[in-house]
Engineer: 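Here it is: the structure, laid out below.
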Amino acid sequence: MQAPVTPAEQRLLLDWSRRAITTAVAGGTAWRVAEADLTANLRAPHAAFVTLWKQEELRGCIGRMDFSRPLWENVLHAATAAALEDPRFPRVTAAELPALALEISILNPPVPIPGWQDFDVTRHGIIVERGLHGALLLPKVARDHGWSATATLEAVCHKAGLPL
């Protein structure tokens, strides 16, 4: 599958995300993107996840699963939320900004699977939802931890606050 953005657009998204986080941490108003910088790829609807790392440790991770909004909007919203709203971590401080590494994941629309046995941990991310509870794990998470399908399902249910 072809990447939804070019390397130059990837660099723009990372730069804009860092600026949005810096502005939000300082308590400023939302950082604005120049209309002239918005390419067709950046305007296309895609969901996104932004992960923040500090010295190779997870520091925040939030996704914007809105497939009707432009990619650039979802990325900037997720970046700011990862810095300020991830309930697992305190808000990012100005002193931490230079040490933060950002990772952006662009998501395809989710596709339901008939049953848990159809879940391929090596290829699929996973979303669980029940009532007001929901969570998502990217495929990279299971691969990085060496999890089986069962362990991944347990982790996403735990993340969502759902019983196993």
Side-chain angles (χ1 to χ4, degrees), residues 1-14 16-18 20-21 24 39-92 99-164:
M1 175 187 287
Q2 182 181 352
V5 295
T6 67
E9 290 164 334
Q10 290 172 5
R11 287 188 296 276
L12 276 175
L13 288 172
L14 285 167
W16 294 345
S17 294
R18 187 166 294 282
I21 290 169
T39 65
N41 288 339
L42 297 175
R43 291 176 192 268
H46 275 284
F49 235 79
V50 175
T51 305
L52 306 178
W53 301 94
K54 182 179 172 189
Q55 299 168 345
E56 299 184 25
E57 294 289 324
L58 181 65
R59 183 58 182 86
C61 186
I62 298 281
R64 178 77 183 239
M65 296 294 296
D66 189 341
F67 289 93
S68 65
R69 291 205 178 273
L71 172 62
W72 74 271
E73 283 184 18
N74 283 333
V75 167
L76 295 186
H77 180 273
T80 316
L84 302 179
E85 299 171 16
D86 189 326
R88 299 169 293 176
F89 301 96
R91 295 166 63 103
V92 167
L100 288 183
L102 282 69
E103 180 179 340
I104 298 171
S105 300
I106 300 170
L107 308 180
N108 292 319
V111 177
I113 57 174
W116 70 268
Q117 64 277 9
D118 298 304
F119 173 59
D120 180 352
V121 70
T122 64
R123 297 184 317 126
H124 300 138
I126 189 160
I127 300 168
V128 296
E129 296 176 322
R130 185 170 192 181
L132 298 176
H133 297 274
L136 175 145
L137 287 178
L138 300 172
K140 179 183 186 309
V141 175
R143 285 193 306 265
D144 287 354
H145 291 339
W147 289 342
S148 66
T150 302
T152 303
L153 290 167
E154 289 172 352
V156 75
C157 287
H158 176 74
K159 183 178 178 183
L162 294 170
L164 301 178

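Hydrogens, waters and symmetry mates play no part in the numbers below; they use all other heavy atoms, side chains included.
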Engineer: Could you tell me if the side chain of His145 sits less than 4.5 Å from the side chain of Val141, heavy atoms only?
Structural biologist: yes
Engineer: Kindly give the heavy-atom pair with the smallest separation between Val75 and Ala48, and that separation in Å.
Structural biologist: CG2-CB, 3.6 Å
Engineer: At their closest point, which heavy atom of Ala47 faces which heavy atom of Leu71, and how far apart are they?
Structural biologist: O-CD1, 4.3 Å
Engineer: Any non-hydrogen side-chain atom of Arg59 less than 4.5 Å from a side-chain atom of Pro90?
Structural biologist: yes
Engineer: Counting heavy atoms not belonging to Glu57, are there more than 12 under 6.0 Å from its CD?
Structural biologist: no
Engineer: As a quick check of understanding, evaluate side chain to side chain contact (heavy atoms under 4.5 Å, CB included) for Leu52 and Val50, giving each step before the final call.
Structural biologist: CA-CA 7 Å; Leu52 306 178; Val50 175; 4.2 Å; yes
Engineer: Rounded at 0.5 Å granularity, tell me how far NZ in Lys159 sits from NE2 in His133.
Structural biologist: 15.0 Å
Engineer: With rounding to the nearest 0.5 angstrom, report the CG to OG distance, Leu102 to Ser17.
Structural biologist: 6.0 Å
Engineer: Are any of the side-chain heavy atoms of Met65 and Ile127 separated by less than 4.5 Å?
Structural biologist: yes
Engineer: Which heavy atom of Thr80 sits nearest a heavy atom of Leu76, and at what distance?
Structural biologist: OG1-O, 2.8 Å
Engineer: Under 4.5 Å between any side-chain heavy atoms of Glu103 and Lys140, yes or no?
Structural biologist: yes
Engineer: Please examine the side chains of Leu13 and Trp16, heavy atoms only from C-beta on, and report whether any two atoms are closer than 4.5 Å.
Structural biologist: yes
Engineer: List the atom of Phe89, the atom of Leu58, and the distance in Å for their closest heavy-atom pair.
Structural biologist: CE2-O, 3.3 Å
Engineer: Please answer whether the main-chain N or O of Glu73 pairs with a side-chain N or O of His77 as donor and acceptor at a distance below 3.5 Å.
Structural biologist: no
Engineer: Heavy-atom count around Arg130 CZ within 6.0 Å, excluding the residue itself: above 12?
Structural biologist: no
Engineer: Rounded to the nearest 0.5 Å, what separates atom CD in Glu154 from atom CG in Leu162?
Structural biologist: 13.0 Å
Engineer: What's the verdict on side chain to side chain contact (heavy atoms under 4.5 Å, CB included) for Leu100 and Arg18, showing C-alpha distance, side-chain angles and the deciding distance?
Structural biologist: CA-CA 9 Å; Leu100 288 183; Arg18 187 166 294 282; 4.2 Å; yes
Engineer: State whether the number of non-hydrogen atoms from other residues, nucleotides or ligands found under 6.0 Å of Leu164 atom CG is greater than 12.
Structural biologist: yes
Engineer: Quick one, Cys61 and Arg88 - any side-chain contact, counting heavy atoms below 4.5 Å?
Structural biologist: yes
Engineer: Look up atom CG in Asn74 and atom CZ in Phe49, then write down how far apart they are to the nearest 0.5 Å.
Structural biologist: 11.5 Å
Engineer: Does the side chain of Leu136 reach to within under 4.5 Å of the side chain of Ile126, using non-hydrogen atoms?
Structural biologist: no
Engineer: Identify the heavy atoms of Gly134 and Ala160 that sit nearest to each other, and give their distance.
Structural biologist: C-CB, 3.6 Å
Engineer: What pair of heavy atoms forms the shortest contact from Leu107 to His46, and how long is it?
Structural biologist: O-ND1, 3.5 Å
Engineer: Give a yes or no on this: more than 12 heavy atoms of other residues, nucleotides or ligands lie within 6.0 Å of atom CZ of Arg43.
Structural biologist: yes
Engineer: Tell me, do Leu12 and Thr39 make a side-chain contact under 4.5 Å, heavy atoms counted?
Structural biologist: no
